[in-house]
Number of protein chains: 2
Amino acid sequence: MEGLDRAALEQVSEYFKSLAEPTRLCLINALRDGEMSVSDLAEAVESTPANVSKHLSLLASTGFVERRTQGTSVLYRIADSDIYALCDLVCGHIAKRIAAKSNVQAMIRRVAKRA
Amino acid sequence: MEGLDRAALEQVSEYFKSLAEPTRLCLINALRDGEMSVSDLAEAVESTPANVSKHLSLLASTGFVERRTQGTSVLYRIADSDIYALCDLVCGHIAKRIAAKSNVQAMIRRVAKRA
DNA sequence: TGCTTATTTAACGAATTGGTTGTATAGTAG
DNA sequence: CTACTATACAACCAATTCGTTAAATAAGCA
């Protein structure tokens with residue numbers, strides 16, 4: 001992303017924004033095992049169909065999920081499994097931070113002991 | 001991130017949120033070549049020192065950048081270069097989407113020609 | 001000490017967003 | 001055709017956020 005202009009960065013931020021919401025991450029997690037209907041997803045993430053529908057259409061607009069109609073239901077699925085690589089990178093970053101922090105705390109404990 | 005509870009997902013979303021803003025992405029881009037002061041960064045991203053300072057402290061709180069004081073200046077640098085891998089994944093996703101879209105448009109052109 | 005520069009912080013306003021509620025649309029069954 | 005179900009959409013409110021402005025803090029220097 002080296003030489004991106006302002007407009008491009010705005011678009012990139014849009015994509016990050018669509019992942020920057022716990023309910024949407026929960027939906028993405030629920031879709032790990034395959035496609036699900038809106039109402040089933042609503043139950044899975046403990047929210048209302050209306051709310052879930054709104055989140056899903058946002059995720060669809062950024063291309064992370066795709067929809068398919070079956071009868072009166074609409075089934076959603078993950079469209080780009082790179083999304084999980086993204087989440088794993090962030091989780092790894094958090095894990096590193098927690099590890100670093102506990103190292104600091106361990107050091108503080110050592111210093112305190114010595115004093 | 002398979003079995004994450006609500007609290008953990010909320011934390012993950014915090015990290016994505018810190019990348020979900022064009023000015024912050026611009027700052028991260030500017031820090032690619034090494035550490036920079038707040039005022040230099042403000043000039044680089046065409047914003048005010050106050051605004052940039054606020055964005056930087058947010059990025060520091062999620063551990064993507066680190067600070068170091070030198071005289072009256074404060075120098076910021078990238079703390080975890082995984083951040084670029086994250087951006088590259090998103091850029092790749094966008095590129096895929098654009099490619100797919102232009103394929104669809106090409107197909108539409110073909111069909112239109114045939115008719 | 002006082003002056004200047006660099007950064008941070010607080011307070012404010014405009015704009016965006018997540019969730020709710022009520023309504024509209026579309027497909028299915030009777 | 002009517003009734004029912006599943007989903008989407010519009011309007012609304014509360015809460016958050018980006019940027020600005022002004023004031024506070026801190027470091028270097030005359």
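Quick note on labels: first sequence line is chain A, next is B, and so on, each numbered from 1. Side chains included, hydrogens not; waters and symmetry mates left out as well; all remaining heavy atoms used.
- Using a 4.5 Å heavy-atom threshold, the side chains of A/Arg24 and A/Leu59 count as touching.
- Contact annotation: B/His55 side-chain N/O to D/dT17 OP1/OP2 distance is not under 4.0 Å.
- When each of C/dT8, D/dT7, C/dT20 is scored by its nearest atom to the side-chain atoms of B/Ser53, the top-ranked nucleotide is C/dT8.
- Listed in residue order, the members of residues 16-44 of chain A having a heavy atom less than 4.0 Å from DNA chain D are A/Ser37, A/Val38, A/Ser39.
- Distance, B/Glu14 CD to D/dT17 C1': 12 Å, rounded to whole Å.
- Straight-line distance from the CD atom of B/Glu46 to the P atom of D/dT20: 12 Å, rounded to whole Å.
- If you measure from atom CZ of A/Arg6 to atom C1' of D/dC18, you get 11 Å, rounded to the nearest angstrom.
- Of the candidates D/dT7, D/dT5, D/dA22, the closest approach to any side-chain atom of A/Thr72 belongs to D/dT5.
- Within the 4.5 Å cutoff, the side chain of B/Arg67 has no heavy atoms near those of the B/Leu75 side chain.
- In terms of position on DNA chain D, the residue among A/Ser73 and B/Thr69 whose nearest nucleotide sits closer to the 5' end is A/Ser73.
- The phosphate of D/dT7 has neither OP1 nor OP2 within less than 4.0 Å of any side-chain N or O from A/Arg67.
- The residue among B/Val74 and B/Lys54 whose nearest nucleotide of DNA chain C lies closer to the 5′ end is B/Val74.
- Considering only heavy atoms from C-beta on, B/Val90 comes within 4.5 Å of A/Phe16 through its side chain.
- Taking every heavy atom of both residues into account, A/Leu89 and B/Ala85 meet most closely at CD1-CB, 3.9 Å.
- Note on B/Tyr76: a side-chain N or O is less than 4.0 Å away from OP1 or OP2 of C/dT8.
- Atom CZ of B/Arg68 is separated from atom P of C/dT8 by 14 Å (rounded to the nearest Å).
- Residues A/Tyr76 and A/Leu27 fail the side-chain proximity criterion, which asks for heavy atoms closer than 4.5 Å.
- At a threshold of 4.5 Å between non-hydrogen side-chain atoms, the residues B/Tyr15 and A/Arg97 count as touching.
- The nearest whole Å value for the distance from the CG atom in A/Leu58 to the C1' atom in C/dT17 is 10 Å.
- Between the CG atom of B/Leu75 and the P atom of C/dT7 there is a distance of 8 Å, rounded to whole Å.
- Between the CD atom of A/Glu43 and the CE atom of A/Met36 there is a distance of 8.5 Å, given to the nearest 0.5 Å.
- The CG-P distance, from A/Leu56 to D/dA8, rounds to 7 Å in whole Å.
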